[in-house]
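What follows is a short report on a single structure.
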Number of protein chains: 2
Amino acid sequence: MSDSHIQVTASIDPCGLDEHPDCGIRDVLTRVGDKWSVLVIVELASGIRRFRELQRGIDGISQRMLTLTVRRLERDGLVTRIVYPTVPAQVTYELTSLGSSLTHLVKQLADWSLEHRENIGHSRADYDAQHPAHEIH
Amino acid sequence: MSDSHIQVTASIDPCGLDEHPDCGIRDVLTRVGDKWSVLVIVELASGIRRFRELQRGIDGISQRMLTLTVRRLERDGLVTRIVYPTVPAQVTYELTSLGSSLTHLVKQLADWSLEHRENIGHSRADYDAQHPAHEIH
DNA sequence: CCGTATCCTACAAGATACTG
DNA sequence: CAGTATCTTGTAGGATACGG
């Protein structure tokens, strides 16, 4: 019945995720999945940026959230933060090699979502049409 | 200085993400990034599952959250839900081909996080040691 | 310019009880 | 078994004001 999935199974669960749900993946996924991290990573993939440049490049992000996001990325070793003791202050952000290695995966997710967004959109419309009562987001 | 990033730049932003932040990627990322979706996808990558089987396979998920998660995945066309009119009720869940195509990306994220988890762990420890006052998660 | 400090709200998610 | 229906709570994230 499920023979076609067995190969996938063997490789999708390299760390016994079924028994150990937190082999680190949720950690990464919550980081990648939060509202701004990926956009910051994408922005930094274009090169080194200052704080204001980042904020201008990321539509809608507040100062607070940019600070928090960029600090978490720094803490995880994905981003380097350099403070120049000038007046006024000047701070630059840049992806580390670890951060850069994530951009490839992010790019694939972006490509996937781009490729299937219409598909998903139709699916949602169909579902909503057939389940008028329910409210799901 | 940033010459090494130019190639990445060209491919990381296939849809002008800088100007159009919502080309669909955030949609996908918030789905992938929520607390349970990926674990459900991983579980279903092993084959067809019933509701209870899913819940037993995913440690800590509540009935409510499993229902919500699986409904959203169904709505997005990633999962097929089949209700058998038996008594008691019997419902099965299975990945669609679209859903299966996501498992590959999820697997790569899992591999990445597995490969770099120690790295990240050390980075965090270092950061926390050097910034004793701050509390970042 | 680059943040920190507060305050506030919305929503994700848990706990629990009940139903076809 | 496979859900719904409530109620509650934690926390992510927004708005705003101030500081080095």
Side-chain angles (χ1 to χ4, degrees), chain A residues 21-22 26-27 29-40 43-44 48-76 79-94 131-137, chain B residues 21-22 26-27 29-40 43-44 48-75 79-94 127 131-137:
Chain A
D22 292 283
R26 185 175 293 173
D27 232 35
L29 285 169
T30 54
R31 175 86 346 127
V32 167
D34 74 18
K35 193 168 181 180
W36 301 110
S37 291
V38 165
L39 295 177
V40 169
E43 190 66 22
L44 288 180
I48 197 169
R49 290 288 139 93
R50 296 178 58 174
F51 188 86
R52 272 283 162 190
E53 291 174 338
L54 266 182
Q55 192 174 15
R56 273 185 240 108
I58 301 172
D59 190 55
I61 195 171
S62 67
Q63 224 166 27
R64 188 181 106 92
M65 287 317 296
L66 180 54
T67 300
L68 283 177
T69 302
V70 96
R71 283 295 202 287
R72 287 192 283 237
L73 293 174
E74 185 197 5
R75 180 170 180 262
D76 287 356
V79 160
T80 322
R81 175 175 176 265
I82 303 180
V83 181
Y84 297 92
T86 59
V87 174
Q90 178 172 344
V91 182
T92 62
Y93 297 91
E94 189 177 16
H131 305 77
H134 289 2
E135 277 294 330
I136 299 184
H137 305 294
Chain B
D22 292 283
R26 185 175 295 172
D27 233 35
L29 285 169
T30 55
R31 176 85 347 127
V32 167
D34 74 17
K35 194 169 181 180
W36 301 110
S37 291
V38 164
L39 296 177
V40 169
E43 190 66 20
L44 288 180
I48 198 170
R49 290 289 139 93
R50 297 177 58 173
F51 188 85
R52 274 282 161 191
E53 292 174 338
L54 267 181
Q55 192 175 16
R56 272 186 240 108
I58 300 172
D59 191 55
I61 194 170
S62 67
Q63 225 166 24
R64 188 180 107 92
M65 287 317 296
L66 180 54
T67 299
L68 283 177
T69 302
V70 98
R71 283 295 202 288
R72 286 193 283 240
L73 293 175
E74 185 197 3
R75 178 168 181 264
V79 160
T80 323
R81 175 175 176 266
I82 302 181
V83 182
Y84 296 93
T86 60
V87 173
Q90 179 171 343
V91 182
T92 61
Y93 297 92
E94 189 176 16
Y127 186 94
H131 305 77
H134 289 1
E135 276 294 332
I136 298 183
H137 308 292

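Please read these numbers as outputs of a predicted model, since none were measured by experiment. Note on naming: letters A, B, ... go to the chains in the order of the sequence lines (proteins, then strands), and numbering restarts at 1 for each one. These numbers come from the heavy atoms of this one structure, side chains and all, not from hydrogens, waters or symmetry mates.
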Separation of atom [atom1] in [X] from atom [atom2] in [N], rounded to whole Å:
X	N	atom1	atom2	value
His131(A)	dT4(D)	NE2	P	10 Å
Leu66(A)	dA15(D)	CG	P	14 Å
Leu68(A)	dT4(C)	CG	P	8 Å
Ile61(A)	dG3(C)	CD1	P	13 Å
Gln90(B)	dG3(D)	CD	C1'	14 Å
Ile82(A)	dC1(C)	CD1	C1'	17 Å
Met65(B)	dA12(C)	CE	P	8 Å
Gln63(A)	dT6(C)	CD	C1'	14 Å

Where each residue is assigned the nucleotide of DNA chain D containing its nearest heavy atom, which of Thr92(B) and Gly33(A) is assigned the position nearer the 5′ end?
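Comparing both residues, the 5'-ward one is Thr92(B).
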
Tell me which nucleotide among [options] gets nearest to the side chain of [X].
X	options	result
Trp36(A)	dG14(D), dG20(D), dG20(C)	dG14(D)
Thr67(A)	dG13(D), dT4(C), dG3(D)	dT4(C)
Lys35(B)	dA13(C), dG20(C), dG3(D)	dA13(C)
Arg72(A)	dG13(D), dG20(C), dG3(D)	dG13(D)

Give, for atom [atom1] of [X] and atom [atom2] of [Y], the distance between the pair rounded to the nearest 0.5 Å.
X	Y	atom1	atom2	answer
Met65(B)	Ile58(B)	CE	CD1	11.0 Å
Arg81(A)	Phe51(A)	CZ	CZ	9.5 Å
Arg71(A)	Tyr127(B)	CZ	OH	5.0 Å

Please report the C-alpha distance between Tyr93(B) and Ile48(B) in whole Å, then the side-chain angles of each, then the deciding distance to 0.1 Å, and finally whether the side-chain contact (heavy atoms from CB on, under 4.5 Å) criterion is met.
CA-CA 6 Å; Tyr93(B) 297 92; Ile48(B) 198 170; over 6 Å; no

Establish, with yes or no, whether the OP1 or OP2 oxygen of [N] is under 4.0 angstrom from a side-chain nitrogen or oxygen of [X].
X	N	result
Arg71(B)	dA2(D)	no
Arg49(A)	dC1(C)	no
Tyr93(B)	dC1(D)	no
Arg52(B)	dC1(D)	yes

When we call it a touch if two heavy atoms are under 4.0 Å apart, what does Arg31(B) touch: a base, just sugar-phosphate, or nothing?
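The residue Arg31(B) makes no contact with any strand.
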
Using the side-chain contact (heavy atoms from CB on, under 4.5 Å) definition, which of the options Val70(A), Thr92(A), Leu39(A), Ile61(A) pairs with Leu54(A)?
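The residue from Val70(A), Thr92(A), Leu39(A), Ile61(A) that satisfies side-chain contact (heavy atoms from CB on, under 4.5 Å) with Leu54(A) turns out to be Val70(A).
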
Is it the case that the base of dG3(C) and the side chain of Arg64(A) share a donor-acceptor contact (distance under 3.5 Å, atom types as modelled)?
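Result: no qualifying N/O pair found.
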
